[in-house]
Protein chains: 2
Amino acid sequence: MPDLLSEAFEQVQEDVDSAFDAFLPVPQDTRARLVEAMRYAVIGGGKRVRPLLVCATAKLFGVDRDAAIAAGCAVEAIHCYSLIHDDLPCMDDDDLRHGKPTLHKVYDEATAVLAGDCLHALAFDILSMQGTSSDPFVRSELIATLARASGHDGMAGGQMMDIVSDEQEYDLGQVTRLQQLKTGALLAASVEMGAILGRVPPEGRTHLRAYARDIGLAFQIADDLLDVEGDEQKAGKALRKDEGQGKQTFVTLMGRDKARAQAEMLVGQAGEHLSSYGEDARVLVELARFVVERDR
Amino acid sequence: MPDLLSEAFEQVQEDVDSAFDAFLPVPQDTRARLVEAMRYAVIGGGKRVRPLLVCATAKLFGVDRDAAIAAGCAVEAIHCYSLIHDDLPCMDDDDLRHGKPTLHKVYDEATAVLAGDCLHALAFDILSMQGTSSDPFVRSELIATLARASGHDGMAGGQMMDIVSDEQEYDLGQVTRLQQLKTGALLAASVEMGAILGRVPPEGRTHLRAYARDIGLAFQIADDLLDVEGDEQKAGKALRKDEGQGKQTFVTLMGRDKARAQAEMLVGQAGEHLSSYGEDARVLVELARFVVERDR
């Protein structure tokens with residue numbers, strides 16, 4: 001990973017961890033177990049791709065770092081809640097996440113459902129705080145963006161399409177649509193929220209949206225390749241799951257070589273969309289490359 | 001039920017149903033199952049106590065009806081998502097809700113988790129819409145109120161305390177605190193949101209907050225009495241659960257007679273808090289009485 005990107009990742013990881021630590025003091029009553037579970041899920045572990053997208057985009061427009069970290073935490077809280085719920089026995093039934101036992105394994109299923117629900121609420125709690133933006137219009141737009149991207153017209157809708165795909169054969173168009181919702185919507189929301197914090201009007205977000213769309217798709221193609229080719233130890237989660245479930249993915253539909261070529265093409269294209277930002281966009285451009293080259 | 005209150009209920013039930021119908025068109029792809037499950041949970045069935053609280057409070061201050069219904073739908077979406085998740089096998093494992101099979105019985109557990117999550121997102125989606133308020137400050141305040149009331153410092157935190165109460169004996173103070181969070185927080189948020197829509201500044205909400213606190217507690221005492229004395233057919237859900245679980249409730253801790261007297265006292269007191277609003281507050285005053293006299 002280039003130095004600039006790895007430094008940006010480290011800084012975001014540190015800032016997000018300490019922000020979550022401040023957002024989640026453990027109460028002195030029997031809710032302690034719940035808040036400890038929430039902390040287990042959001043502090044340490046994740047790559048923080050989404051918060052980095054928020055921060056790197058926001059930085060293009062000179063946004064205050066603390067505001068960008070707060071918005072990044074909100075997106076990450078949504079991402080983490082979705083992982084907790086996806087890992088439940090009634091969903092993907094996973095035992096390992098970020099190299100650690102999944103939340104319902106460490107606590108129990110009821111706590112996992114509730115901790116996920118509370119992180120979901122925390123995301124909107126954070127976005128409605130003055131610290132995220134002193135301008136209520138900005139706060140409201142951030143909330144609208146995140147709510148839309150995570151609900152039935154976004155991430156959770158994509159997850160439903162994914163569940164149904166066990167019973168139904170999807171073609172490439174359907175898999176693309178599924179992934180645009182399941183993974184792409186939240187990545188796109190991260191970039192969008194950076195632009196909203198930067199007070200970029202919708203008509204000025206065209207290039208950023210094109211960038212986000214490309215890395216969203218590249219991210220998922222890379223995930224599908226990782227499922228086939230990756231190292232479970234490095235990935236920190238179970239792999240080879242798609243094949244076992246007979247699931248249609250970019251890899252099964254296009255083959256490995258074409259899938260890899262497509263991801264490469266998208267990364268190049270993503271970078272070009274940001275050419276007008278010049279050197280300022282270097283972290284975002286390098287992030288696009290990281291997205292397809294990561295091993296976890 | 002007095003005519004005025006039953007008319008108010010009917011009108012809110014009708015308006016909330018048609019608003020949810022408009023918010024949730026069924027998509028023409030494999031997310032259809034998810035949105036149908038969401039519709040199953042939020043259209044028809046519930047009493048709509050929370051939306052009525054929003055609307056009746058908002059009406060005190062001349063708020064536009066559509067705005068109040070939208071905010072009421074947001075609270076109801078949170079309430080319904082919490083019921084779906086609470087009914088899951090890993091939580092309360094209930095088969096019946098509002099006289100209908102619970103969502104995971106009709107669909108499956110994975111769909112129930114996701115449909116709950118999507119209703120959660122829908123709540124904030126609705127509150128961030130222009131239709132709820134054209135003033136972003138109002139929208140942001142509504143969102144802050146609902147997010148706080150539903151997360152680990154509110155409803156879900158109370159639910160966690162409730163789960164832990166299976167293993168730990170609570171005293172009356174702890175049961176009161178548990179219920180203030182689990183049930184009271186969302187009822188209080190409903191009244192608060194009506195006041196926010198009415199642009200009542202925080203210092204002008206004292207009487208309304210006192211009213212909400214009293215009916216929240218009365219509501220839960222009535223629920224505990226209903227669990228012991230109620231008719232399952234009318235209630236539309238399983239009863240006699242507290243005793244089986246050896247759970248501390250207002251009834252086990254105070255006895256039926258004292259619990260009923262306490263609920264009666266709270267209802268009277270709740271009404272008095274609204275005396276300055278005179279006849280305008282009649283629906284809210286009658287609603288307080290309904291809360292303890294309901295059979296479901």
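Only a predicted model underlies this, so the values are computations on that prediction, with no experimental measurement involved.
Comparing B:A144, B:G154, B:G116 by how many heavy-atom pairs each has under 4.5 Å with chain A, the most go to B:A144. Of the residues considered (B:S128, B:A115, B:A156), B:S128 shows the highest number of contacts with chain A, using heavy-atom pairs under 4.5 Å. Highest contact tally toward chain A, considering only B:L119, B:V138, B:D153, B:L146, is held by B:D153 [criterion: heavy-atom pairs under 4.5 Å]. The candidate with the highest count of non-hydrogen atom pairs below 4.5 Å against chain A, out of B:D108, B:T145, B:L114, is B:L114. Ranked by heavy-atom pairs under 4.5 Å with chain B, the first of A:E109, A:H120, A:M129 is A:H120. Contacts with chain B were tallied for A:A112, A:S165, A:G157; A:G157 has the most, counting heavy-atom pairs under 4.5 Å.
Heavy atoms from other residues, nucleotides or ligands lying under 6.0 Å from CZ of B:F137 number 12 at most. No more than 12 heavy-atom neighbours from other residues, nucleotides or ligands sit within 6.0 angstrom of NZ on A:K105.
When heavy atoms are compared at a cutoff of 4.5 Å, B:M155 does not approach chain A at all. Looking at B:E141, neither its backbone nor its side chain comes within 4.5 Å of chain A, counting heavy atoms on both sides.
Residues of residues 76-95 of chain A that come closer than 4.5 Å to chain B, counting heavy atoms only, are A:Y81, A:H85, A:L88, A:C90, A:M91, ordered by residue number. Heavy-atom neighbours of chain A within the stretch residues 172-197 of chain B, taken at a separation under 4.5 angstrom, comprise B:R177, B:L181. Contact residues of residues 19-37 of chain B toward chain A are B:L24, B:D29, B:T30, B:R31, B:R33, B:L34, B:V35 (heavy-atom distance under 4.5 Å).
For residues 112-140 of chain B, the set of pairs meeting the salt bridge (charged side-chain N to carboxylate O under 4.0 Å, His left out) definition, not counting sequence neighbours, comprises A:R148-B:D125, B:D135-B:R199.
Closest non-hydrogen pair, A:C118 versus B:G151, comes out as SG-C, 3.9 Å.
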